[in-house]
Peer 1: 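Mind having a look at this structure? Questions to follow.
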Amino acid sequence: MAPFYKYGFFSEQTGLIVALILGISFGFWLERSGFGYSRKLALQFYFKDNTVLYVMFTAILVAMLGVLFFSLFGWLDITKIYINPTYIWAQLIGGLILGVGFAIGGYCPGTSVVGAVTGHIDALFFLGGAMTGMFVFGEMFPSIEDLYNWGYMGNVRLSDVLNVSSGVVAFAAVVLAIVMFKGAEWAQNRFGKEVL
Amino acid sequence: MKEKPFWSPYAGGIGLGITLLLAFVFMGRGLGASGAMMRFTTWVVDVFAHDHVMANPYFAKYAEHPFSNWLVFEIIGVMIGGFLSGMLAGRNKWRTGRGPNITKHKRWLLAFIGGAIMGFGARLSRGCTSGLALTGGATLAVGGWVFMFAVFGAAFATAYFVRKQWI
């Protein structure tokens with residue numbers, strides 16, 4: 001029964017090797033999609049290159065449906081999977097701040113690592129900035145702890161708060177992705193396609 | 001070697017999605033990035049000001065065994081995988097990603113500023129695009145979806161003001 005690590009199939013040390021291998025795959029696919037290149041990422045926000053949207057939502061749907069079906073088949077114990085805790089206001093505000101940083105900086109943390117190892121000098125500056133920002137956050141932490149913990153709801157999933165089954169939420173996510181893909185395609189043709 | 005074109009975004013999305021699914025199947029957890037950076041940042045601060053790190057509960061949490069951590073190994077893998085993919089496609093060369101209307105020095109400055117804003121936001125959210133939007137999105141975590149729409153909303157709203165940098 002999966003998750004294998006949680007069911008004691010291998011040790012924590014072996015888990016670090018698994019982390020390395022999964023990381024190699026993660027980095028490979030990010031680079032293949034063009035995510036090491038800041039301008040390609042940033043052109044998403046002008047509807048000139050929809051790669052970010054397509055890659056991200058395709059990945060979410062594949063993993064989401066995989067988890068759902070594997071648990072339906074009885075292969076995967078979904079209760080043993082880590083669900084990010086929700087601090088709704090902290091994450092809403094943090095997300096807004098991060099989005100501003102994305103449009104200005106042109107990277108997010110994972111893609112900046114790929115940019116840096118493939119020779120993008122702006123990614124190195126971005127990484128220096130990101131670590132500076134994290135340092136500032138750490139320094140300010142004692143005075144913003146209330147903000148950091150604002151809106152705690154526990155490890156809740158959309159199906160819990162909407163009071164429907166996770167299959168219904170997953171179906172809605174698939175429909176949402178198709179609508180967004182079509183809308184973005186329309187916008188791309190209208191605003192001038194510039195796919196790098 | 002001439003640079004090869006990027007692969008289809010759907011191929012990239014399926015590859016990433018399967019990688020994320022395998023992380024759930026093998027480890028029961030998703031992928032991430034900013035957590036590893038926080039550990040590196042804390043390690044640097046710790047070298048210069050150990051007492052200061054220990055006095056701050058946020059830094060202290062990351063200071064113990066900073067590199068013997070799942071996310072750190074995963075990020076080392078990301079470096080290897082990104083480098084290999086770039087090498088196989090002939091894309092590994094020094095350059096600065098920018099639009100035609102900005103100098104590289106201004107772009108470097110904006111990359112640093114944007115990075116600083118993002119670093120702060122990622123810590124406040126307890127995750128970034130990988131650890132919260134992608135992982136939380138796939139597990140249908142409420143915070144992951146709220147965060148993802150906040151990120152895209154703010155990025156689209158900011159884009160107009162920095163258009164000289166990109167288009």
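The sequence lines fix the lettering, A, B, ..., with proteins before strands; numbering per chain opens at 1. Model, not experiment: these values are computed from the prediction.
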Peer 1: Angle class for the B:Phe6/A:Tyr37 ring planes (parallel below 30°, perpendicular above 60°, tilted otherwise)?
Peer 2: tilted
Peer 1: What pair of heavy atoms forms the shortest contact from B:Leu20 to A:Ala63, and how long is it?
Peer 2: CD2-CB, 3.7 Å
Peer 1: Which atoms of B:Phe161 come close to chain A, meaning under 4.5 Å heavy atom to heavy atom: side chain ones, backbone ones, both, or neither?
Peer 2: neither
Peer 1: Decide yes or no for A:Phe126 and B:Phe112: does some side-chain heavy atom of the first lie under 4.5 Å from some side-chain heavy atom of the second?
Peer 2: no
Peer 1: Taking the ring centre of each residue, are A:Phe141 and B:Phe59 less than 6.0 Å apart?
Peer 2: no
Peer 1: What residue in A:Val156, A:Ile21, A:Leu53 has the most heavy-atom pairs under 4.5 Å with chain B?
Peer 2: A:Val156
Peer 1: Does the plane of the ring in A:Phe125 sit parallel, tilted or perpendicular to the ring in B:Trp108? Use 30° and 60° as the thresholds.
Peer 2: parallel
Peer 1: Between B:Val151 and A:Phe102, which heavy-atom pair has the shortest distance, and what is it?
Peer 2: CG1-CD1, 4.1 Å
Peer 1: Does B:Phe156 have its ring centroid less than 6.0 Å away from the ring centroid of A:Phe45?
Peer 2: yes
Peer 1: Can you pull out the residues in residues 67-77 of chain A with any heavy atom less than 4.5 Å from chain B?
Peer 2: A:Val67, A:Phe70, A:Leu76
Peer 1: Could you tell me which portion of A:Phe181 (side chain, backbone, both or neither) has an atom closer than 4.5 angstrom to a non-hydrogen atom of chain B?
Peer 2: side chain
Peer 1: Based on non-hydrogen pairs under 4.5 Å, which of A:Gly151, A:Gly128, A:Ser166, A:Ala123 is most in contact with chain B?
Peer 2: A:Gly128
Peer 1: Examine whether an atom of A:Asn149 lies under 4.5 Å from a heavy atom of chain B, and if so say whether it belongs to the side chain, the backbone or both; otherwise answer neither.
Peer 2: both
Peer 1: Any donor-acceptor pair under 3.5 Å linking the side chain of A:Thr86 with the backbone of B:Gly143?
Peer 2: yes
Peer 1: Where do A:Pro109 and B:Thr129 come nearest, in terms of heavy atoms and distance?
Peer 2: CD-OG1, 4.4 Å
Peer 1: What's the shortest heavy-atom distance between B:Arg126 and A:Ala90, and which atoms?
Peer 2: NH1-CB, 4.5 Å
Peer 1: Quick one: CG on A:Leu158 to CG on B:Leu140, what's the gap to the nearest 0.5 Å?
Peer 2: 5.5 Å
Peer 1: Select, from A:Ile104, A:Ile97, A:Asn50, A:Val62, the one with the greatest count of heavy-atom pairs under 4.5 Å involving chain B.
Peer 2: A:Ile104
Peer 1: Rounded to the nearest 0.5 Å, what's the gap from CD on A:Glu12 to CE on B:Met27? Could you check?
Peer 2: 8.0 Å
Peer 1: Check whether the side chains of A:Thr118 and B:Arg91 place a donor and an acceptor atom closer than 3.5 Å, and report yes or no.
Peer 2: no
Peer 1: To the nearest 0.5 Å, tell me how far B:Arg98 CZ sits from A:Arg39 CZ.
Peer 2: 10.5 Å
Peer 1: Pick one of side chain, backbone, both or neither for A:Met1, based on which atoms fall under 4.5 Å of a heavy atom in chain B.
Peer 2: neither
Peer 1: For A:Tyr46, is the NZ or CZ atom of B:Arg163 found under 6.0 angstrom from the centre of its six-membered ring and inside 45 degrees of the ring axis?
Peer 2: no
Peer 1: Could you point out which residue of A:Phe4, A:Phe9, A:Tyr5 forms a ring-ring contact (aromatic ring centres under 6.0 Å, His included) with B:Phe26?
Peer 2: A:Phe4
